[in-house]
Structure formats: C-alpha cells, structure tokens
Amino acid sequence: MDEKSKSGLKSLPKIDEIMLLLEKRNIYSLAPRELVRDTCRNVVQNLREKIVKSAKKSTAPEVYNASQTADQVEGIIKNLHSYRLKRVINATGVILHTNLGRAPLCSEALQRITEISAGYSNLEFNLEKGERGIRYDHVRELLLAITGAEDALVVNNNAAAVLLCINTLAEGREAIVSRGELIEIGGEFRIPDVMTKSSARLREVGTTNRTRISDYEKAISRDTGLIMKVHTSNFRIVGFTEEASIEALVALGKKHKIPVMNDLGSGCLIALDKYGLPHEPTVREELARGVDVLTCSGDKLLGGPQAGIILGKKDILERIKKNPLNRALRIDKLTLAALEATLIHYLNPDEALHNLRNLKALTEPAATVQKRAQKLFQLLQKENTAAAKFSVKESRAAVGGGALPTAEISSFVVAVRPVKMSAGRLEERLRKLELPVIARVDKDEIMIDLRTVAEDEFGAVVKGLRECLLD
Ligand SMILES: *Cc1c(COP(=O)(O)O)cnc(C)c1O
C-alpha cells in the first residue's frame, strides 16, 4: 500500500467516535444500538474502499471527518423510517399496469380491509355452528352467483391457482398443451416451467400457429392427467392460424375421462364489446362451454385485489381443496375482505362499471377523457410558466396487465414540452417526486394520459409539474 492511501485510511473516523456523535443527536430514538453500529461499519467500510480505489487512480485522497460520516449514517437511519412503497399517479395510459399495482381498489374494498383487519374476524370461524370455518367460503357464494360455477376456491394469485390445479390433476402425469399457448406471462411465469414445478410432464402438441383437436387426441395416453387451454393473454397470433375450440376439447376430455382446464388469465366478468373493446370471453361464457376447471386473476379486468380464482366442477374442486399446496398458497384476510367487496359490485354490472376504476377507465367515452384533458391543460396554462409548452393531443391508451393486447383505446394526453431541460430529465424529476407522477416520453415531450388520471389527481399533477419545471 502506498503512502497516500495509508494516510487516507488513517484519516478514517473511528466507529466509537461516530456513535458518540450520533448519541448526542438522539439517534437511539430512531434505531437500536446494533443497527446504528452496523450502519457505521458499512459506511466506514465504503469509505475505506473508496480511498483504496482513489489511491489506485492516483486522485487526491479525500479527508473524512467523524461529523460527515455521522451525517451519512443519520441519513440512512432516517430513510428507513420513510415509506418506500408509495402511492403514484399513473399517467401512462396503461390501465392495468402490473408494475404500478394493476387494479386500484374500490372504496368499499378499502373500508372492508380496515374493518376486518383492525380487529378480529370470523375468517375461519363458522358463526352459525360455532366451529372451525373455511376462509374462502366467504366469497364462494358470490362467485357461484356471478359466474354460474358449481364450486369456487380462491388463492394468492392466478400463478398459484394454475400451479395448484396442474399439481392436483396431473402430478407425475402428462398435461397436454398446444405449442401456440406455451406462453410467458412475465415475471418468470412460463407455462413449461410451471408444469415442471407442478410435477407434471408437459406434452406439447400442434405447432405455434396451428393446433387441431386431432393433435390433442393423438397425444392422449394412459399417462394423460390433464388437457389444458391457456389464454394467450398478452399476445396474439394472427394470419394462418387454427386452434381447437373449448367445446371440442371438452368433448374430447369427456370421451377419455380427462379433466379439461382453462387458464383464462384475466377475469373478465362482464361483456365489454358494447364499449368498443374486442370481445373478451367472460368467465360465465367460458364455464358454460363445459370446462372442468377455470382459473383467473383477481386484479386484472376483474378490478379487485391480487388473488387467484379457481372455478369449476364440484368433484374437481374438492380434490384441489384437499391438496396440501392449497395451504401454502392460501389467500389472506385483507385480500379476502377486498375481493368480497369488489365482487358484490358485480351483482349489478352497471354498478361494477361505475365503481371499479379499471372498468371505468376502460369504458369511458373518449369525449369524456378529452374534456378532462382540456381541464388539466387549462389548469397548467393558468400556471403561466415559461418553462414548458402544453398542448392537448389524441393518443392511444392500453389495457395492460396481459389483457386485450390488441385493443386500441383512443385517449387524450396533455403533452408537456419542457423548455429548459430534456423531456427525459422532466420524466425523471416527475418520477422522483414525493408523490411520483409516472409519465411516458415521446420525443421531446412527456405525455400525461388522461385515461388513467382522475380529476381528483389534478392538484398533485399540477403541483408536481410546477416543482419539476423549476430550475
Ligand atoms: C396474468 C396471467 C397469469 C398470472 O396471473 P397472476 O394473477 O399475475 O398471478 C396466468 N395465466 C394467464 C393466462 C395470465 O394472463
């Protein structure tokens, strides 16, 4: 080691010295001694590495005093007390943005979460009989009423639902899936991998673009445990294509006494074609086609909390419920409370459209979105800032969340062209606000898509832009 780094290392403050300073600053009201000591050690270690590195690059050694080091430690500890999981404003126009938490919850769901989880509940207690109850039975009746299913079960999310169903029905056996449906949903959820984790063997049939019912039939053997159909949620194969209908698969399953499963992905409970969206089969329609078991998400089109919904025939559901994996994948009480409140809205579809923000955003007429864009535009104009130019433009929003990938939803944005910084810089500043505004950049403008921004968020958007556009 050379002289320079030696003297640099010598200048490093002692841990005890930093801790004494921190004690005077009352740090122990914020964190226990061990944590403060560990943090001091990490900070000093980082400094040590910096000194060695700068010596190698023969730059001047920095001098570190105890007070500056204590500042750093104090900053780290204080940061631990602030929330990292933050509310954000979704100005992307992607309605079910998986990275932004998918569906916002309705107010009834929020109320119920507070009411149920602040104290005790009958989560697993049958009040009628005074004995142990079953947690998912709280939403079972509602799900049967809304979808026409024979039986229902809910778990942590749809990925869990798929895993549980395949494991129950095809453990150690084969599950037949079309090559056109071996999808990746994102976040490492790939059908072939889920198969392996479910201890089932994937039996691929057909080709990427064409799979016939005869392909399935030829693949059936004594080893077949399951015929599976997967909704190609987030992409479409177009052109020279063919797929076996659910009805044909159901008939085939009946003939060979093999259960047929449909992973529907997005749980669409009401027909959306009236609103100019592509036809997305509803859960009720799909079940009516006779599948034995169907799975879908709670937080995609359904508009509730993260959950996996399993619907289907009673005997099949009985088997799934008894699988020990079910215990590992179980739904928690907060989710259950929110899901129940969300589902109640569906007893009247108009009410669901009105109260569930994702459905509202999906079906709102473009003219209403345009009006909202005009309103925000005027508020921003009123700011009288010379730091940006604002305009209202037509644009395209998206459903997101791996649902309706080809749906083109016309929308309106307020485009913001900053004068003194790049659009990329403005996007970053908005993202780093205390209440972040997530917007997309298009060339030298950022776009605030009004399909996903509600009027009660205008105040935050205006304030955020004002702050970010300052030098
Ligand atoms: C989204 C999706 C899943 C995964 O559902 P999560 O609720 O995200 O766990 C599984 N299958 C399909 C077809 C999907 O679209």
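This one's a predicted model, so the numbers in the text were calculated from it and none came from an experiment. All values below come from the heavy atoms of this structure, side chains included, with hydrogens, waters and symmetry mates left out.
What you find for Ile316 and Pro259 is that their closest heavy atoms are CD1-CB, 3.8 Å. Across all their heavy atoms, Asp215 and Arg212 have their closest contact at OD2-N, 2.7 Å. For Leu182 against Ile191, the heavy-atom pair with the smallest separation is CD2-CG2, 4.0 Å. Residues Glu217 and His256 share a closest heavy-atom pair of OE2-NE2, 3.2 Å. Taking each heavy atom of Leu301 and Leu359 in turn, the nearest pair found is O-CD2, 3.7 Å. The heavy-atom pair separating Ser395 from Val413 by the smallest distance is OG-CG1, 3.3 Å.
Evaluation of the side-chain contact (heavy atoms from CB on, under 4.5 Å) rule for Lys129 yields Asn126, Glu131 as partners, not counting sequence neighbours.
Contact annotation: the side chain of Thr211 approaches that of Tyr216 to within less than 4.5 Å [non-hydrogen atoms, C-beta and beyond]. Within the 4.5 Å cutoff, side-chain heavy atoms of Asn122 are placed close to those of His138. Side-chain contact check for Val44 versus Ile18: some heavy-atom pair is nearer than 4.5 Å.
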**Prompt:** Which is it for Arg431 and Glu427 under the salt bridge (Lys or Arg N to Asp or Glu O under 4.0 Å) test, yes or no, and what are the steps along the way?
**Reply:** CA-CA 6 Å; Arg431 177 162 39 85; Glu427 181 276 331; 2.9 Å; yes

**Asked** Stepwise, does the salt bridge (Lys or Arg N to Asp or Glu O under 4.0 Å) test hold for Glu204 with Arg179?
**Response** CA-CA 6 Å; Glu204 305 173 28; Arg179 288 198 169 89; 2.8 Å; yes

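Residues Glu49 and Lys53 are not paired through a salt bridge, judged by the lack of any N-O separation under 4.0 Å between the basic side chain and the carboxylate. Note on Arg396 versus Glu408: salt bridge recorded, some NZ/NE/NH1/NH2 to OD/OE distance being below 4.0 Å.
Results of the side-chain hydrogen bond (donor to acceptor under 3.5 Å, both in side chains) test with His231 over Glu280, Glu286, Glu181 single out Glu280 as the only residue that passes.
When atom types are taken as modelled, the side chain of Arg330 and the backbone of Asn156 share no donor-acceptor pair closer than 3.5 angstrom. Arg84 contributes a side-chain N or O that, together with a main-chain N or O of Ser82, makes up a donor-acceptor pair within less than 3.5 Å. Although no hydrogens or angles enter the test, the distance criterion places a donor-acceptor pair under 3.5 Å between the side chain of Tyr346 and the main chain of Leu302. The backbone N or O of Val453 lies less than 3.5 Å from a partner atom in the side chain of Arg372, making a donor-acceptor pair. With Arg451 contributing its side chain and Ser411 its backbone, the two residues share no donor-acceptor pair below 3.5 Å. For the pair Thr241 (side chain) and Val238 (backbone), a donor-acceptor distance under 3.5 Å is absent. Of the possible polar contacts, none joining the Thr168 side chain to the Arg319 backbone as a donor-acceptor pair under 3.5 Å is found. Under a 3.5 Å cut-off, the side chain of Asn358 and the backbone N or O of Lys300 do form a donor-acceptor pair. At distances below 3.5 Å, at least one donor-acceptor pair connects side-chain atoms of Asp332 with backbone N or O atoms of Thr335. Although no hydrogens or angles enter the test, the distance criterion places no donor-acceptor pair under 3.5 Å between the side chain of Ser198 and the main chain of Ala200.
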Identify all side-chain donor-acceptor contacts of residues 104-114 below 3.5 Å with residues at least two apart in sequence or on another chain.
{"residue": "Glu108", "atom": "OE1", "partner": "His345", "partner atom": "NE2", "Å": "2.9"}
{"residue": "Thr114", "atom": "OG1", "partner": "Leu110", "partner atom": "O", "Å": "2.9"}

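For the pair Arg210 and Phe240, the cation sits on the ring face: its NZ or CZ lies under 6.0 Å from the ring centre, inside 45° of the axis.
For residues 167-176, the pairs satisfying salt bridge (charged side-chain N to carboxylate O under 4.0 Å, His left out) are Glu174-Arg203, with sequence neighbours left out.
A donor-acceptor pair shorter than 3.5 Å cannot be found between the side chains of Thr452 and Asp449.
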